[in-house]
2 protein chains.
Amino acid sequence: MSSKLTAGDLQIISRIAVFRGLKAETVEQIIAPATAMMLRPHEWIVRQGDPATAFFIIIDGWVKLYRSAPSGDDTVIEIMTKGESFAEAVAFTGNRYFSTAEAVTEARVGRIPADHIVRCIRQSPDIALAMVASISQHLHHLVQQVEQLKAQSGVQRVAEFLASLSPAEQGHCSVALPYDKILIAGRLGLTPESLSRAFARLRTIGVVVDASHVMVKDVAKLRALAADDRSAVRGTLRPVR
Amino acid sequence: MSSKLTAGDLQIISRIAVFRGLKAETVEQIIAPATAMMLRPHEWIVRQGDPATAFFIIIDGWVKLYRSAPSGDDTVIEIMTKGESFAEAVAFTGNRYFSTAEAVTEARVGRIPADHIVRCIRQSPDIALAMVASISQHLHHLVQQVEQLKAQSGVQRVAEFLASLSPAEQGHCSVALPYDKILIAGRLGLTPESLSRAFARLRTIGVVVDASHVMVKDVAKLRALAADDRSAVRGTLRPVR
DNA sequence: GGCAATCCTTGATCAAGATCAAGGCGGCAA
DNA sequence: TTGCCGCCTTGATCTTGATCAAGGATTGCC
């Protein structure tokens with residue numbers, strides 16, 4: 001289940017996110033005691049409520065963070081992939097993980113013990129600043145999610161999601177959905193049925209979804225819709241039967 | 001507008017949140033260059049998009065964090081009071097504040113320059129750990145908010161909010177709403193009208209709201225409702241006309 | 001091939017919450 | 001005192017999204 005990191009893993013880890021800006025030797029020192037986890041779909045990495053003893057970097061694959069209510073239903077908090085990290089902050093507090101992390105695809109995840117990092121920080125405090133920067137990203141992302149849930153309709157959230165997949169600011173583009181629609185629906189706080197209908201509505205502004213392929217005629221229009229700019233999509237977006 | 005911290009301010013600040021667990025002299029060193037801001041209602045502390053150069057500790061009063069969309073409407077992200085801090089993480093990144101912070105009541109807020117803290121951290125890294133712990137709290141709070149918005153109905157969020165005001169786990173209690181209902185509605189992602197109707201529904205399970213006074217007959221029932229435990233409130237909660 | 005399971009879509013219906021409109025009430029200033 | 005304004009509530013209506021139900025498409029397995 002757990003093994004040493006390969007040279008390739010190190011390459012990936014040191015180039016990304018959490019450790020951006022640190023010297024190569026510092027990064028090496030940090031990840032010295034790291035291990036790699038190989039996961040099959042549905043296997044979990046940590047469980048909500050477990051004492052936090054480490055944080056994680058995704059080397060490959062997709063991972064979802066979700067919370068389970070006593071009533072039984074799960075709420076997706078975040079979906080992450082290669083180069084992203086999670087549970088940094090809580091790992092330093094000794095508290096408990098507040099979400100479950102589960103592999104969505106086959107995945108490879110680096111595990112870094114918190115106590116080791118704490119030692120490293122005492123030795124070179126710059127590490128702390130790098131990690132705070134990474135944590136700040138997570139905060140920003142969550143703040144945006146709260147804003148979206150409170151202020152945007154389902155169709156708008158879908159539009160924003162599609163726009164975020166598109167590399168371009170405007171013009172047309174063709175992208176692939178990164179994971180299945182049930183999961184996308186969860187990410188956006190919708191049921192699969194509602195997501196399906198949202199896609200149907202977006203057809204009226206030139207978005208064609210076929211399985212995991214999405215053709216967007218005009219990305220700018222998508223963004224305008226997400227931003228509530230009614231003039232950009234006036235008269236369109238009728239419900240589709 | 002900005003002045004020195006009083007001895008009383010120092011008392012409050014050093015006892016709370018961000019600096020918990022640090023030695024008194026360390027705290028003193030950190031807040032040496034801090035200033036106090038006195039604010040009237042509606043005055044802002046920082047603006048969304050401003051470069052982040054400091055973080056803040058609320059000494060007294062209430063402060064709301066909110067984001068403004070290009071379309072004009074505002075989304076409440078968080079409402080905070082005495083002893084709470086904000087913008088810690090982003091202050092270290094040099095990025096821009098991602099919400100506006102505005103006084104809701106008269107308020108007194110301590111401002112701590114980020115560059116100074118960075119120097120302190122290099123000198124004694126324990127500060128970083130204390131701050132990460134505080135940031136972790138913020139993360140947890142946001143995660144909970146996302147969960148609530150995605151998984152709970154408006155009435156449930158209101159129930160949870162009221163339950164959180166009550167010191168007791170169960171039994172009856174009487175509390176005061178901490179700020180006006182428009183703001184409570186914003187915090188919970190509802191319109192004032194919907195909040196009003198949610199309160200009306202809760203009357204059927206023994207919650208009486210009169211102006212800012214709330215009488216709760218059975219806090220346990222509130223919590224059960226928030227947690228989706230239908231058996232606890234079976235047959236009640238009919239819409240009220 | 002046939003079968004089952006999963007994913008996705010579509011339709012019909014229902015419930016939740018937003019919106020629009022109106023009115024009560026309390027505080028405050030002239 | 002009067003009048004105004006902002007907060008709050010209530011009613012009527014509309015929109016959004018959830019739920020329930022059914023069926024098509026794909027995939028994997030025997």
Side-chain angles (χ1 to χ4, degrees), chain A residues 40-42 71-76 104-105 148-159 161 176-204 207-214 225-226 228 230 233 236-241, chain B residues 41-42 71-75 104-105 148-159 176-204 207-214 225-226 228 230 236-241:
Chain A
R40 313 214 133 264
H42 303 295
S71 62
D73 48 30
D74 295 343
T75 306
V76 175
V104 167
T105 60
Q148 284 167 16
L149 290 167
K150 282 185 175 176
Q152 291 183 307
S153 71
V155 183
Q156 288 179 309
R157 296 200 295 275
V158 174
F161 177 79
L177 296 177
Y179 33 83
D180 74 35
K181 293 179 185 174
I182 292 178
L183 199 50
I184 293 175
R187 229 228 67 173
L188 299 175
L190 294 172
T191 57
E193 293 96 324
S194 295
L195 175 64
S196 191
R197 286 187 248 265
F199 280 145
R201 283 190 175 204
L202 290 176
R203 264 203 295 278
T204 64
V207 176
V208 183
V209 179
D210 175 38
S212 78
H213 256 81
V214 184
L225 169 61
D228 229 348
R230 261 23 184 43
V233 289
T236 54
L237 263 194
R238 301 257 144 273
V240 187
R241 334 218 109 237
Chain B
H42 303 295
S71 63
D73 48 30
D74 296 344
T75 306
V104 168
T105 60
Q148 283 168 15
L149 289 166
K150 281 185 176 176
Q152 291 182 308
S153 71
V155 183
Q156 288 179 308
R157 297 200 296 275
V158 173
L177 297 177
Y179 32 81
D180 74 35
K181 292 177 184 175
I182 293 179
L183 198 50
I184 294 175
R187 230 229 63 176
L188 299 174
L190 293 172
T191 58
E193 294 96 323
S194 295
L195 175 64
S196 191
R197 287 188 245 266
F199 280 145
R201 283 188 176 208
L202 290 178
R203 266 204 292 279
T204 65
V207 176
V208 182
V209 180
D210 175 38
S212 78
H213 256 81
V214 185
L225 169 60
D228 231 346
R230 264 10 185 51
T236 54
L237 264 193
R238 300 257 144 274
V240 187
R241 340 214 107 236

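Per chain, numbering begins at 1; letters A, B, ... match sequence-line order. The structure displayed is predicted, hence computed values, not measured ones.
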Novice: Who pairs with A:Pro178 by side chain to side chain contact (heavy atoms under 4.5 Å, CB included), at least two apart in sequence or on another chain?
Specialist: A:Trp62, A:Phe161, A:Leu165
Novice: Could you go through B:Leu195 and B:Val158, starting from their C-alpha distance and side-chain angles, then the distance that decides it, and tell me whether this counts as side-chain contact (heavy atoms from CB on, under 4.5 Å)?
Specialist: CA-CA 8 Å; B:Leu195 175 64; B:Val158 173; 3.6 Å; yes
Novice: Within this structure, what is the CZ-to-P distance between A:Arg201 and D:dG17, rounded to whole angstrom?
Specialist: 7 Å
Novice: Does B:Thr75 have any side chain to side chain donor-acceptor pair (under 3.5 Å) partners at least two apart in sequence or in another chain, and if so, which?
Specialist: none
Novice: Rounded off to whole Å, could you give me the CZ-to-P distance for the B:Phe199 and D:dC7 pair?
Specialist: 16 Å
Novice: Using modelled atom types and a 3.5 Å cut-off, is there a donor and acceptor pairing between side-chain atoms of B:Arg201 and backbone atoms of B:Val155?
Specialist: no
Novice: Using side-chain contact (heavy atoms from CB on, under 4.5 Å), reason through A:Asp74 and A:Val76 one step at a time and then give a plain yes or no.
Specialist: CA-CA 7 Å; A:Asp74 295 343; A:Val76 175; over 6 Å; no
Novice: Can you check the B:Leu177 CG to D:dC8 P distance for me, whole Å?
Specialist: 9 Å
Novice: Which residues pass the side chain to side chain contact (heavy atoms under 4.5 Å, CB included) test with B:Ser212, not counting sequence neighbours?
Specialist: B:Leu177
Novice: Near DNA chain D, under 4.0 Å by heavy atom, which residues of residues 189-198 of chain B?
Specialist: B:Glu193, B:Ser196, B:Arg197
Novice: Where the side chain of B:Ser153 is defined as all heavy atoms beyond and including C-beta, which of C:dG17, C:dT10, D:dC8 is the nearest nucleotide?
Specialist: C:dG17
Novice: I'd like a table of donor-acceptor pairs (distance under 3.5 Å, sequence neighbours excluded) in which one partner is a side-chain atom from residues 179-190 of chain B, with atom names and distances.
Specialist:
from, atom 1, to, atom 2, distance (Å)
B:Asp180, OD1, B:Ile182, N, 3.1
B:Asp180, OD1, B:Leu183, N, 2.9
B:Lys181, NZ, B:Ala211, O, 3.2

Novice: Tell me the bend of the helix from C:dG1-D:dC30 to C:dA30-D:dT1 as the angle between end helix axes, each from five pairs, rounded to the nearest 10 degrees.
Specialist: 30°
Novice: Nearest whole angstrom, please: distance from the P of C:dG17 to the NZ of A:Lys150.
Specialist: 14 Å
Novice: Can you tell me the distance, in whole Å, between the CD1 atom of A:Ile184 and the P atom of C:dT9?
Specialist: 10 Å
Novice: With sequence neighbours excluded, tell me which residues meet side chain to side chain contact (heavy atoms under 4.5 Å, CB included) with B:Ser196.
Specialist: none
Novice: Would you mind reading off the distance between B:Gln156 atom CD and C:dA16 atom P, rounded to a whole angstrom?
Specialist: 10 Å
Novice: By side chain to side chain donor-acceptor pair (under 3.5 Å), which residues pair with A:Thr191, not counting sequence neighbours?
Specialist: A:Ser194
Novice: In whole Å, I'd like the distance from the CD atom of B:Gln152 to the C1' atom of C:dA15.
Specialist: 17 Å
Novice: What is the distance from CG of B:Asp210 to P of C:dC25, rounded to the nearest Å?
Specialist: 13 Å
